[in-house]
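Residue numbers start from 1 in every chain, and the chains themselves are labelled A, B, ... in the order their sequence lines are given, proteins ahead of strands. Fair warning: this is a prediction, and the values are worked out from it, not measured in the lab.
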Amino acid sequence: MSKRITIDPITRLGGHGKIDIFLDDKSDVERVYFQVPELRGFEKFCEGRAAEEMPTLTQKICGVCPTAHHTASSKALDDLFGVEPPPAARKLRELMYNAFMFENHLLHFYFLGGPDFIVGPMAPRAKRNIFGVIDKVGVEMGKKVIDIRKRIRGVNALVSGSALYPVCGLPGGVSKAITEEDRAEIQNVTKDAVEFAKLTLNIFDDVVLNHKGSAKWLTSDVFCHRTYYMGLVDDHDRVNFYDGDIRVVDPNGKEFVKFEAKDYLKHLEERVEPWSYQKILYLKNIGWKGFIDGQDSGVYRVAPLARLNASEGMATPLAQAEYEMMFHALGGKPVHNTLAYHWARLIEVLYAAERMDELARDGEITSPKIRNLPNQTPKEGVGVCEAPRGTLFHHYESDEKAIVEKLNLLVATQNNAAAICMSIEKAARTAIKGGSISDGRLNVVEMAFRAYDPCLACATHCLPGKMPTMVHVYDRKKNR
Amino acid sequence: MTEKPKIALYWCSSCGGCEESVIDLAEDLLTVAAAVDIVFWPVALDFKYKDVVAMNDGEITATLINGAIRTGEQEHMAKIMRKKSKLLIAHGSCAHLGGVVGLANFYQREDLLSRLYQEVPTTNNPQGILPQHETIESGRKIKLPDIHDTVKALDQVVEVDYYIPGCPPTPELIKEAMMMVLENRLPPRGTVLAGKKALCDTCPRIDSKPDKLRIKKFKRIYETEWDPEKCFLDEGIICLGPATRGGCNARCINANMPCRGCFGPTDNVRDQGAKSSSFLASIIDVTDKEALKKTADSIPDPGGLFYRYGLASSILKGKLTPKSS
């Protein structure tokens, strides 16, 4: 009989992906490959384009997190042209950014990763989705999810042009100011967003923390890796999505290094594997030691749990309380349990809502002064932000006419590439024993990557486009 | 009880934005989902390839495919979805015209690979390893799909029945396309399901557009400020509104930014880039050769600008550089 199992494509994530699982003589797992089978080549085909087009061009890397690319790109242009945005423009960018983070993280909880908890990992596959979630939490709650998402998308459309692809980013500012009426309308939404974030954390309490089976998953060793963690922090080492320094902590939670975006080349390096179109990032000063965790391995993680691990707290009061509660409940910092990404993500939802609300109450945000025109000759610029899925770098070099000559893009999911491979393999080793395979067990393997909310569209910006995920299981003779 | 129509959504070389636009249907998504059986949608549902392969030919009422065709796997899947579906709808700019990813056709496939895996400053790859179609590691054979030499629009590999334009299409257009299918009121095959007029004709700033535009120099958006109420072209800023299909709700214009052409050409235009350049040439207000060259030079990267969304399906198709060996 064939030992082949195909999870093809992997589902409920951004982009294509593929996983090959090889079994040994006892039909236990020998080796697992997580592949990203596509690439698009933005680093090449953006060469020769006008620099000011980069925010609207590079964001086409990813329709799931376009605002992250748009923002990193706008900041790279600020640096390229040596021009700072006026305070109102900076605040508008940060407002847009937090609205995006809020919406994006909620999309993951209710549509992509959350169904595994809310409906259950072993539930019939036709139920493990948003429609199953609505069945479980009730139509009224389902409508609330849809409503708040729609209203937040409306905020983004108002500030940035389109609900999906912002077009407002310019070097030294943004294209459009908002009026006092706009501000008041936005504030109505942000106020409700804070309440909705609290409600979602309550749902997480009910379906995960107070549910014996799910809580066990959360702290299970099956989903645990001791790695370094990286994230942007503000002057007080608190989580910030829009700006700051990049802080890395070691597997014991001790600061390993803190650096400015422009120095990223001193700290990060990428590895090429012949079996995937995705490159794998690691800490340059430790080096690549293979797909292993621990202090001596250059493998690090990014995105919600990593950001919380790499910081000393949250900059808003409600999120800070949740931050303390999570680390208290899970035995202190750093937390290495991969499924705690889901919890950390919801704490970030609350932070994003609170931060949006602060910005929407700030009278300065309606200032008509939203741009500073560049007066320097462009040459080189680096921009960074925290995408939902981790730290994102855009690096451009241009000629004096602002035509881009070289680009380097380190996208969020690439930071987690090694850890995702390791997590899938570890989950597969536990879930598949003696060749026993079921739809539910294979879904448990998929849960290992879903915790990271990977975006394979981003990860394969490198060439033609996406990361299909497939899982093949092979027997010892390499038969599928 | 009659069976509900079956709908599938699939993505090829794309970014996921078209899927997000479907989710942006918001409460309408629930209405549509109640009226149909969604049988395949990798971003949101756990159905796998084998489920689709097991279906009968023509069993799916309509499949929406977004993304361009760049790999062998994508072409293969496009053909499978074509076979299984009564209607195949190209969803979004990449499937419709090749999209932004089609800009890769300005370069050789090998240039893309070497830049990404061997040249960028973060890559540590002394052996110059490139991803391989087939890798053997400790006796284990691992395969990746082939990367084609060029990017293609969906109708360059399979027959397409309808097109929903835009990067991304608006949720309203997606909903209307779905309703046309469900209510069996489809227009002639091959129709682009959006506005018929150029964006310029429906632009909220149309009243500020002079009867005769006169441009001596085009301004770059990074070096200039403009009146947020006035026609971009009259301000000397390139806007592709006159050469682009409307139906986008003028979302970029409303954010005070010029059109970049994502809805593609109108019905009576074959090549959006050619139309853009001929239109801009017609409003240049200089005559002597030297001044003309100066004005033309004030347009940065005309190829990348005019063919931003449609290079793969254009007359040029890309490949301005000679093929190496």
Side-chain angles (χ1 to χ4, degrees), chain A residues 6 8-9 11-12 14-15 20 22 31 33 35 37-38 40-41 43-45 48-50 52 60-64 111 125 128-131 146 150 153 160-164 167-168 170-171 175-176 265 268-272 274-277 374 402-403 408 410 457 462-466 478, chain B residues 11 13-18 20-21 24 26-27 33 42 44-46 48-50 70-71 73 100-101 103-104 106-107 111-113 115-117 120-125 129 131-132 135 139-142 144-145 147 151 167-168 220-223 225 251-252 254-257 260 300-301 304:
Chain A
T6 305
D8 186 9
T11 45
R12 284 188 280 127
D20 280 338
F22 289 86
R31 177 82 169 93
Y33 296 87
Q35 294 178 271
E38 203 206 9
R40 287 170 298 173
E43 278 93 343
K44 191 67 195 178
F45 70 68
R49 316 277 84 87
E52 65 271 30
K60 307 295 181 179
I61 287 170
C62 181
V64 183
F111 286 73
R125 65 181 169 164
R128 292 188 312 248
N129 53 49
I130 177 62
F131 306 114
I146 287 168
K150 187 177 180 179
R153 296 289 256 186
S160 70
S162 159
L164 205 159
V167 295
C168 62
L170 288 164
S175 62
K176 187 189 163 195
L265 287 172
L268 303 175
E269 216 163 58
E270 292 176 295
R271 171 180 178 78
V272 179
W275 43 265
S276 180
Y277 288 117
I403 299 297
N408 193 21
L410 301 187
C462 336
L463 268 195
K466 291 225 190 148
K478 322 303 177 203
Chain B
W11 45 12
S13 191
S14 72
C15 67
C18 288
E20 286 267 348
S21 272
D24 283 344
E27 62 275 9
L45 308 179
D46 283 352
K48 307 297 180 187
Y49 289 147
K50 63 180 163 55
R70 180 79 219 216
T71 68
E73 183 186 55
V100 161
V101 292
L103 286 172
F106 278 140
Y107 294 93
D111 298 336
L112 299 181
L113 289 163
R115 174 67 194 156
L116 188 71
Y117 298 108
V120 300
T122 27
T123 299
N124 179 355
N125 185 8
I129 293 168
Q132 299 297 314
T135 306
R140 296 182 286 260
K141 197 187 281 180
I142 313 132
L144 281 172
I147 304 291
V151 175
C167 182
R220 304 271 294 264
I221 53 174
Y222 77 81
E223 61 183 3
E225 286 183 292
R251 52 197 174 190
C252 297
N254 289 328
N256 196 25
M257 290 288 273
R260 288 294 179 254
D301 179 33

Honestly, the part of B:Asp24 sitting under 4.5 Å from a heavy atom of chain A is both
Applying a strict 4.5 Å limit to non-hydrogen atoms, the region of A:Lys150 in contact with chain B is side chain
Heavy-atom closest pair (A:Ser162 atom, B:Arg251 atom, distance to 0.1 Å) is CB-CD, 4.1 Å
When the 4.5 angstrom heavy-atom criterion is applied to B:Ala104 and chain A, the contacting part is both
Report task. Give a yes or no on whether the backbone of B:Arg140 and the side-chain of A:Arg31 come within a donor-acceptor separation of less than 3.5 Å. Result -> no
Rounded to the nearest 0.5 angstrom, the CD-CD1 distance for A:Glu52 and B:Ile221 is 5.5 Å
Nearest heavy-atom approach of A:Phe45 to B:Tyr107 is CA-CE1, 3.5 Å
Value for CD (B:Glu223) from CG (A:Leu170), rounded to nearest 0.5 Å, stands at 12.0 Å
Rounded to the nearest 0.5 angstrom, the CZ-CD1 distance for A:Phe22 and B:Ile142 is 5.5 Å
Between B:Ser21 and A:Leu164, the two heavy atoms sitting closest are OG-CD1, 3.6 Å
Counting heavy-atom pairs under 4.5 Å with chain B, the top scorer among A:Ile403, A:Val167, A:Leu268 is A:Val167
So, the part of B:Arg220 with a heavy atom under 4.5 Å from chain A: the answer is both
Worksheet item: Under 3.5 Å, is there a donor-acceptor pair between the side chain of A:Asn129 and the main chain of B:Leu45?
Response: no
Sequence neighbours excluded, the answer for side chain to side chain contact (heavy atoms under 4.5 Å, CB included) partners of A:Leu265 is A:His395, B:Pro121, B:Thr122
Here the gap from A:Trp275 atom CH2 to B:Thr135 atom OG1, rounded to the nearest 0.5 Å, amounts to 9.0 Å
Item to complete: Any chance you could lay out the side-chain contact (heavy atoms from CB on, under 4.5 Å) test for B:Leu116 and A:Lys44, step after step, and finish with the verdict?
Response: CA-CA 8 Å; B:Leu116 188 71; A:Lys44 191 67 195 178; over 6 Å; no
Closest non-hydrogen atoms of B:Asn256 and A:Ser175, given as atom of the first, atom of the second and distance, are ND2-O, 2.8 Å
dist B:Asp111:CG -> A:Glu43:CD (nearest 0.5 Å) comes out at 13.5 Å
Given B:Met257, B:Glu225, B:Gln132, the one with more heavy-atom pairs under 4.5 angstrom with chain A than any other is B:Met257
B:Tyr117 side chain vs A:Tyr277 backbone, donor-acceptor pair below 3.5 Å: yes
Honestly, the part of A:Arg49 sitting under 4.5 Å from a heavy atom of chain B is both
Under 4.5 Å to a heavy atom of chain A? For B:Cys167 that would be both
In terms of heavy-atom pairs under 4.5 Å with chain B, the winner among A:Lys176, A:Arg271, A:Lys60 is A:Lys60
Smallest heavy-atom separation, A:Gly161 atom then B:Ala255 atom, equals CA-CB, 3.2 Å
